[in-house]
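Any value given below was found using the heavy atoms of this structure, including those in side chains, with hydrogens, waters and symmetry copies removed. These figures come from a predicted structure and were not determined experimentally.
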Amino acid sequence: MRAPVWVLADPRAGTAAQALGIAERLGVPFRALPLEWGAPAALPLAWPSLLGLAPKARDAVRGGPPWPRLAISAGRRSAPVSLWLARRGVRTVHCMRPAFGRRRFDLLVLGRHDAAPEAHNILSILGATHQISPARLAAARAEWNAALATMPRPRVALLVGGKVRAAGGMEPAIAAGIGARASGVAGSVLATTSRRTGGAAADALAEALRPVPHRLFRWGDAGPNPYLGFLAWADAVVATGDSVSMLSEALATAAPVFVADPGGLGARHLALHASLYAAGQARPVDSGLSFFSRTPLDESGRVAAEIRARGLL
């Protein structure tokens, strides 16, 4: 049976998650097409084309007939592929700024931090879409009950990334400072690091967390990743501001969210933080960790509802 929805899944997990998160909320079968890029993908391809795809991925898309009703994509490189499908009668939903053809998509999902223009086919959201739904958080809370329910409250989930496009990881002193901030108000800290954190910064973070009960899951540690469990059991979340995905996922919880500066952030990240502060969805760590009330954000669900309302399925 033909899947009514295709997801053009970029190799970068955070980018693919934006499209997958929407598809999962539509409640219909979908097919995820893993995209692989060839050398031409680095070129500014400004027309509907499969040229940027590696041969195997190109054959998978070309072998599509019957075509789906809807294609969901994310990222600059997948835009030409999506619009190639549009020429074959497929409806298109695209996340993130495309390099061209803004008006050609049936729905373009853009973060407020990208200063999205007003247009009939543009839906402005806070942060980015992702795969963390209320149902997944509920399942994670049940899964991690035995491990986390007895951790002293307030439980502060600490999500640590690093510098954007910088080698060597986060400065250890910055990691230690963020850890000290979180542990200063926490009954316990549930901390994770990422690929960008680096070993030295992770060590400094571990030392900063020693005074309080904590669990630290370092990037590459063996065993189940407790990331979702940490979010599900958090009374507050402190996240470094380098990852749009990480911040957006934190906002799916009902916990207050605080943004910490890992160093080296550019104007686009700062615009993202400003949009979250203006909406009352997050506060900077530097303003103090005074817990506040907020409503969980479900932008993936909102986009899925907009797709149905527009009759794109």
Practice problem: Check step by step if side-chain contact (heavy atoms from CB on, under 4.5 Å) holds for V109 and E306. | Solution: CA-CA 10 Å; V109 181; E306 185 69 18; over 6 Å; no
Practice problem: Indicate the ring-plane relationship of F258 and F291, choosing parallel, tilted or perpendicular according to the 30° and 60° boundaries. | Solution: tilted
Exercise. State whether W84 and R87 meet the cation-pi test: NZ (Lys) or CZ (Arg) under 6.0 Å from the six-membered ring centroid, and within 45° of the perpendicular axis.
Key: no
Quiz item: Do W47 and L43 belong to the same hydrophobic cluster, where Ile, Leu, Val, Met, Phe, Trp and Tyr are linked whenever their side-chain heavy atoms lie under 4.5 Å apart, directly or via other members?
Solution: yes
Quiz item: So do L190 and M151 actually touch side chain to side chain, heavy atoms under 4.5 Å?
Solution: yes
Quiz item: Between H130 (side chain) and S248 (backbone), is there a donor-acceptor pair under 3.5 Å?
Solution: yes
Quiz item: Counting only N and O atoms by type, is there a donor-acceptor contact under 3.5 Å from the side chain of E299 to the main-chain atoms of L126?
Solution: yes
Quiz item: Is there a donor-acceptor pair under 3.5 Å between the side chain of N121 and the backbone N or O of L108?
Solution: no
Self-check item: Heavy-atom check, side chain of L8 versus side chain of L85, under 4.5 Å
Solution: yes
Quiz item: Is the backbone of T295 close enough, under 3.5 Å, to the side chain of Q281 for a donor and an acceptor to pair up by distance?
Solution: yes
Quiz item: Which is it for Y227 and M246 under the side-chain contact (heavy atoms from CB on, under 4.5 Å) test, yes or no, and what are the steps along the way?
Solution: CA-CA 10 Å; Y227 177 81; M246 196 161 63; 3.7 Å; yes
Self-check item: Electrostatic pair D106:R310 at N-O distance under 4.0 angstrom
Solution: no
Exercise. Would you check if the side chain of T92 reaches a backbone N or O of S82 as a donor-acceptor pair within less than 3.5 Å?
Key: no
Self-check item: Polar side-chain atom of T240 near backbone of D242 as donor-acceptor pair, under 3.5 Å
Solution: no
Quiz item: Between the main-chain N or O of T253 and the side-chain N or O of R294, is there a donor-acceptor pair closer than 3.5 Å?
Solution: yes
Quiz item: Quick check: does any side chain N or O of S183 sit under 3.5 Å from a backbone N or O of G179, one acting as donor and the other as acceptor?
Solution: yes
Practice problem: Kindly say whether G241 contributes a backbone atom to a donor-acceptor pair with the side chain of H273 at under 3.5 angstrom? | Solution: yes
Practice problem: Using a strict cut-off of less than 4.0 Å between a Lys/Arg side-chain nitrogen and an Asp/Glu carboxylate oxygen, indicate whether R218 and D203 qualify as a salt bridge. | Solution: yes
Quiz item: Should the heavy atoms of other residues, nucleotides or ligands under 6.0 Å from CZ of R308 be counted, would the total exceed 12?
Solution: yes
